[in-house]
Amino acid sequence: MKAIEINGKEIANRLLKQQQKVVQRLKNDGIIPKLVVITFSDDEASQVYIKQKAKKAKQIGIDFECHRLNHSVSQEDFKRCVKKYDNDPSTSGIIIQFPIPQQYDLKEVSTWISPDKDVDGLNPMSMGWLLTDQAHFLPCTPKGILYLMDAYNIDVVGKDIVIIGNSHIVGLPLAIILTHQDATVTLCHRLTANLSAKCQQADIIISAAGSVNLIGSNDVKSGVIIFDVGMNRLADGSLVGDVDYAKVINKAAKITPVPGGVGPMTVAMLMDQTIMATCYQHGIDYQQVIECR
Ligand code: NAD
């Protein structure tokens, strides 16, 4: 059996065309969505992510601003910068591009973007709403995976799902959301014992570890569905996920490739949530606006 490839790139491109129409409709009413990214990053991966966000925003018609901060900036000045955009009515959504330098208090930083502009869903209030199944904005990667599940008719009710990686941007929120959807979730991490045995029992595996070849064909059962979130740059410059794709594809039922799987969906969801934020801030019914898609 050869797995069906879950084509995130194609679905994201389809969404992009719909988002273009929605943004045009908002612009016809004089409303221009704007996304601001605040970054310290000089690392290559973050630069690539920011470029992708800028490119997609431009294609859709969303205004995009990237504000770079220097590592020497104090915590107070960092906060002042975030708050400047948070208080600016022309800014619809803000994200802080992780990683940020260690000297800043991450827990405090995540409270600075107010919930109505928190398009990455990382404010503790947004996280609290997520816990009680009332979230407006979800973290973008989990939301992208949910969208792909829907697009490929993947039912999670009663399924055994192993998530590898418990970060607050991917694994942890996803575990909460899928638990709300009546899946049985096992959330694993670096110190989890017998990871392979757990994966072998899983109907669905979502790997967000950032570890090359973490999952091989002996670690999965036949017919498993795999979402590979990991993005690992090899010495030859190529990008691979956490899963040994070439081998696992012969055993899985459905699988996301890297690149072209989850990654494009993360960016597409960020654009969606920026449009959503714009609608909320202007008292527009988001559902009504997207019906023109
Ligand atoms: P993180 O470093 O915050 O968390 C990594 C998690 O994986 C931790 O829970 C850690 O314990 C676990 N882990 C690491 N190695 C492991 C191993 N060998 N066995 C079991 N668990 C292991 O990372 P993150 O920000 O959540 O990102 C994880 C990966 O996903 C990275 O490769 C990142 O580039 C990628 N990512 C991709 C997207 C996308 O849109 N495709 C979005 C976010 C992150």
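Starting from 1, each residue takes its place in the sequence as its number.
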**Prompt:** For the ring pair Tyr104 and Phe78, is the centre-to-centre distance below 6.0 Å?
**Reply:** yes

**Request:** Would you confirm whether Lys254, through its side chain, and Phe227, through its main-chain N or O, come within 3.5 Å as a donor-acceptor pair?
**Result:** no

**Message:** Determine whether a donor-acceptor pair (N or O, by modelled atom type, separation under 3.5 Å) exists between the side chain of Asp244 and the backbone of Ile215.
**Reply:** no

**Fill in**
Here the gap from Lys56 atom NZ to Leu15 atom CG, rounded to the nearest 0.5 Å, amounts to 11.0 Å

**Request:** Please check if Leu35 and Tyr49 belong to a single hydrophobic cluster, counting links between Ile, Leu, Val, Met, Phe, Trp and Tyr side chain heavy atoms closer than 4.5 Å.
**Result:** no

**Asked** Shared ILVMFWY cluster between Leu174 and Ile205, side chains joined below 4.5 angstrom?
**Response** no

**Request:** Without swapping roles, check the side chain of Gln97 against the backbone of Ile50 for a donor-acceptor pair under 3.5 Å.
**Result:** no

**Request:** Look at atom NZ of Lys198 and say whether more than 12 heavy atoms of other residues, nucleotides or ligands are closer to it than 6.0 Å.
**Result:** yes

**Asked** Looking only at heavy atoms, what is the nearest atom pair of Lys53 and Ile95, with distance?
**Response** NZ-CD1, 3.6 Å

**Asked** Does Leu16 share a hydrophobic cluster with Met276, counting links as ILVMFWY side-chain heavy atoms below 4.5 Å and allowing steps through other members?
**Response** yes

**Message:** Just checking Lys27: does its NZ atom have more than 12 heavy atoms from other residues, nucleotides or ligands closer to it than 6.0 angstrom?
**Reply:** yes

**Message:** Any heavy-atom pair between the side chains of Val37 and Glu65 that's under 4.5 Å?
**Reply:** no

**Request:** Report yes or no: does Lys159 contribute a side-chain atom to a donor-acceptor pair with the main-chain N or O of Ala183 at less than 3.5 Å?
**Result:** no

**Asked** So, do Val109 and Ile100 sit near enough that their side-chain heavy atoms are less than 4.5 Å apart?
**Response** yes

**Prompt:** Are the ring centres of Trp129 and Phe137 closer than 6.0 Å?
**Reply:** no

**Prompt:** Can a donor-acceptor pair be found between the side chains of Gln19 and Gln59 at a distance below 3.5 Å?
**Reply:** no

**Request:** Group every Ile, Leu, Val, Met, Phe, Trp and Tyr by side-chain heavy-atom contacts under 4.5 Å, then state whether Ile164 and Met231 land in the same group.
**Result:** no

**Item:** Exam field: side chain Gln281 to backbone Pro89, donor-acceptor pair closer than 3.5 Å
**Value:** no

**Message:** Within the 4.5 Å heavy-atom criterion, are Leu178 and Ile206 side-chain neighbours or not?
**Reply:** yes

**Asked** Linking I/L/V/M/F/W/Y whenever their side-chain heavy atoms sit closer than 4.5 Å, directly or via other members, would Val162 and Val243 fall into one cluster?
**Response** yes

**Request:** Please examine the side chains of Ile38 and Val36, heavy atoms only from C-beta on, and report whether any two atoms are closer than 4.5 Å.
**Result:** yes

**Message:** Could you tell me if Asn213 and Tyr245 have a donor-acceptor pair between their side chains, going purely by distance under 3.5 Å?
**Reply:** no

**pair Cys66-Arg68: side-chain heavy atoms closer than 4.5 Å** = yes

**Prompt:** Ser114 and Asp86: side-chain donor and acceptor closer than 3.5 Å?
**Reply:** yes

**Request:** Evaluate the side-chain proximity of Tyr85 to Lys117: yes if any heavy-atom separation is below 4.5 Å, no if none is.
**Result:** no

**Request:** Could you tell me whether the side chains of Asn123 and Ser110 share a donor-acceptor contact shorter than 3.5 Å?
**Result:** no

**Prompt:** Is there a side-chain contact between Pro124 and Thr111, using heavy atoms and a 4.5 Å cut-off?
**Reply:** yes

**Message:** Please determine whether a side-chain nitrogen of the Lys or Arg among Arg80 and Glu76 lies less than 4.0 Å from a carboxylate oxygen of the Asp or Glu.
**Reply:** no

**Prompt:** Between Ile62 and Ile275, does a side-chain contact (heavy atoms from CB on, under 4.5 Å) hold up when you go through it step by step?
**Reply:** CA-CA 8 Å; Ile62 291 176; Ile275 296 169; 4.2 Å; yes

**Item:** Smallest separation among heavy atoms of Gly8 and Met265, with atom names
**Value:** O-SD, 3.6 Å

**Check: Met269 and Val119 side chains under 4.5 Å, non-hydrogen atoms** = no

**Message:** Closer than 3.5 angstrom, by distance alone: can the side chain of Asn87 be matched with the main-chain N or O of Lys83 as a donor-acceptor pair?
**Reply:** yes

**Message:** With a 4.0 Å cut-off on N to O distance, would you call Lys221 and Asp203 a salt bridge?
**Reply:** yes

**Asked** Is a side-chain donor or acceptor of Gln273 paired with a backbone partner of Leu138 at a separation under 3.5 angstrom?
**Response** yes

**Asked** Does any donor atom in the side chain of Ser92 or Thr274 lie under 3.5 Å from an acceptor atom in the other side chain?
**Response** no

**Message:** For the backbone of Ser167 and the side chain of His189, can you confirm whether one donor and one acceptor N or O come within less than 3.5 Å of each other?
**Reply:** no

**Request:** Could you tell me whether the side chain of Asn7 and the main chain of Glu10 form a donor-acceptor pair under 3.5 Å?
**Result:** yes

**Asked** Does the Asp228 side chain pair with the main chain of Gly230, one donor and one acceptor, at a distance under 3.5 Å?
**Response** yes

